[in-house]
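Remarks on the structure that follows.
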Number of protein chains: 2
Amino acid sequence: MLRVTKLADYGIVMMTYVASRGGATHNARDIASEVRLPLPMVSKVLKQLVRGGLLVSQRGTKGGYGLARRPEQITVAQIIHALEGPIAVTQCTDKVRGDCDIETKCPVRTNWFMINQAIHGALEKITLAEMTQPLRHQLVTLIDPGTRAEAGTGTNLTAGAYEQHG
Amino acid sequence: MLRVTKLADYGIVMMTYVASRGGATHNARDIASEVRLPLPMVSKVLKQLVRGGLLVSQRGTKGGYGLARRPEQITVAQIIHALEGPIAVTQCTDKVRGDCDIETKCPVRTNWFMINQAIHGALEKITLAEMTQPLRHQLVTLIDPGTRAEAGTGTNLTAGAYEQHG
DNA sequence: CTATACAGTACCAAAACGGTCCGGAATCCT
DNA sequence: AGGATTCCGGACCGTTTTGGTACTGTATAG
Ligand code: FES
Ligand code: FES
């Protein structure tokens, strides 16, 4: 699965909606009806996004929510982080010590750490500005194929722009 | 979070252990004591790995588990798939139709799909052979920086205002 | 025939998820 | 000032998933 929670999913949809409407402020009710989600849920997500510093809120009659900064400065990683905490593929990648029982014996810890870093770095590079339109840049491979072996199983992306280096 | 379940985590540790010991067969009890996990859990994971076609099993007195193919042919993505189903970051990336309620209105569907593909492709490229030793190849970027917009060298989170309010 | 070791499945507690609700607090309008 | 509007901070709760265990059955070596 490797799931992201629905909260984060909703959050990204909502952020995308706000971003697509320029910088104007929208209240929760409008957003809810626009993205077709129940108001309480939308409200909850918006609150967390404010806490995460991605939106700014204005109370009162003409209140609402607006982006905290330019869409180019808001990344998918930040949204996920705001809604479900730090990105950590396993429980052992983030902690420094003592959490995992088999830690010392574990031969894959460092590997997970690097995989995690890579995924995080990837999500960090996708901005809201890019989400408002279908991604047109190429998604390329994550791993430097220095040690490719013969793992030539198919199902690759059509990695056209693939920069080989080293 | 973007978590992988503990089952998959255990599975990778166990697969790595078996791979590091060449192709010999190991029984569940040995593996359990070696990776320091309770036997029933280890047994459960191993069974699922067999069903997923990653291990082969031999019953009887001298039975045990062994790799189904060479470590270079076994990928992290395959292990995750065997233990927790197809990799799908959101619920809407995998299904073809009708699952999501806001589907038609959703502007980020295709983007999620590509992100998902990229992550899957990444995990598909990490083999067991590489997991047995600390990754020495470089993890590189996931996104082709062709259409970078003006995201610039940023990561400047404290960019301050972006005053959009009236 | 018997001990060993995997296979399948059912079961259960605890945690996380998804969603709702309500009493405040700030802001605007009259 | 007073009320209407809108966000804020929680608590709350049913359902699903996760993490882990147990038990019965089947194949195999000796
Ligand atoms: S499983 Fe926890 S450190 Fe490897
Ligand atoms: S959230 Fe389901 S299709 Fe976009």
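A note on names: the letters A, B, ... follow the listed sequences, proteins ahead of strands, and every chain is numbered from 1.
Between Ile12(B) atom CD1 and Trp112(A) atom CH2 the span is 4.0 Å, to the nearest 0.5 Å. For the atom pair OG1 of Thr61(B) and CZ of Arg59(B), the computed distance is 13.0 Å after rounding to the nearest 0.5 Å. Once rounded to the nearest 0.5 Å, the distance linking CD of Gln48(B) with CD1 of Ile79(B) reads 13.0 Å.
Here dG18(C) presents its C1' atom at 12 Å from CG of Leu37(A), a figure rounded to the nearest Å. The distance from atom CZ of Arg3(A) to atom P of dA16(C) is 18 Å, rounded to the nearest whole Å. At whole-Å resolution of the value, CD in Glu84(B) and P in dT18(D) are 7 Å apart. The interatomic distance linking His26(A) (NE2) with dT5(D) (C1') rounds to 18 Å, in whole Å. To the nearest angstrom, P of dC22(C) lies 13 Å from CG of Leu39(A). As a whole-Å value, the separation of Leu46(B) CG from dG20(D) C1' is 15 Å. If you measure from atom CE of Met14(B) to atom C1' of dC6(C), you get 13 Å, rounded to the nearest angstrom. Summarising the geometry, the separation between CG on Leu49(A) and P on dG9(D) is reported as 13 Å, rounded to the nearest angstrom.
Picking from dG20(D), dT6(D), dA7(C) the nucleotide with the shortest atom distance to the side chain of Arg29(A) gives dT6(D). Picking from dG19(D), dG18(C), dT27(C) the nucleotide with the shortest atom distance to the side chain of Lys6(A) gives dG18(C). Checking dT21(D), dC29(C), dT18(D) against the side-chain heavy atoms of Pro40(B) singles out dT21(D) as nearest. The listed nucleotides are dA7(C), dA25(C), dT20(C); the one nearest the side chain of Arg59(B) is dA7(C). Each of dA7(C), dT5(D), dT4(C) was ranked by its minimum atom distance to the side chain of Val50(B); first place goes to dA7(C). Of the candidates dT6(D), dG18(C), dT4(C), dT6(D) carries the atom nearest the Asn27(A) side chain, counting heavy atoms from C-beta on. Among the nucleotides dT18(D), dA29(D), dT5(D), the one closest to any side-chain atom of Gln58(B) is dA29(D).
Checked against side-chain hydrogen bond (donor to acceptor under 3.5 Å, both in side chains), Arg69(B) has the following partners two or more places apart in sequence or in another chain: Gln78(B). Not a single side-chain hydrogen bond (donor to acceptor under 3.5 Å, both in side chains) links Lys62(A) to another residue, sequence neighbours left out.
Side-chain contact, Glu84(A) with Thr5(A): a donor N or O sits under 3.5 Å from an acceptor N or O.
At least one side-chain heavy atom of Tyr17(A) sits less than 4.5 Å from a side-chain heavy atom of Ile31(A). Leu49(B) has its side chain within reach of Met15(B): a pair of non-hydrogen atoms, C-beta onward, lies under 4.5 Å apart.
The shortest distance between the side-chain N/O atoms of Ser57(A) and the OP1/OP2 oxygens of dC8(D) is below 4.0 Å. Regarding contacts with the backbone of dA7(C), a side-chain N or O of Tyr65(B) is found under 4.0 angstrom from either OP1 or OP2. Contact between the side-chain N/O atoms of Tyr10(A) and the OP1/OP2 oxygens of dG19(C) is found at a separation under 4.0 Å.
In terms of position on DNA chain C, the residue among Pro38(A) and Lys62(B) whose nearest nucleotide sits closer to the 5' end is Lys62(B).
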What is the per-nucleotide protein-contact pattern of nucleotides 9-14 of chain C, from the 5' end, where B denotes a base atom under 4.0 Å from a protein heavy atom, S denotes such proximity for sugar-phosphate atoms only, and - denotes neither? B-----

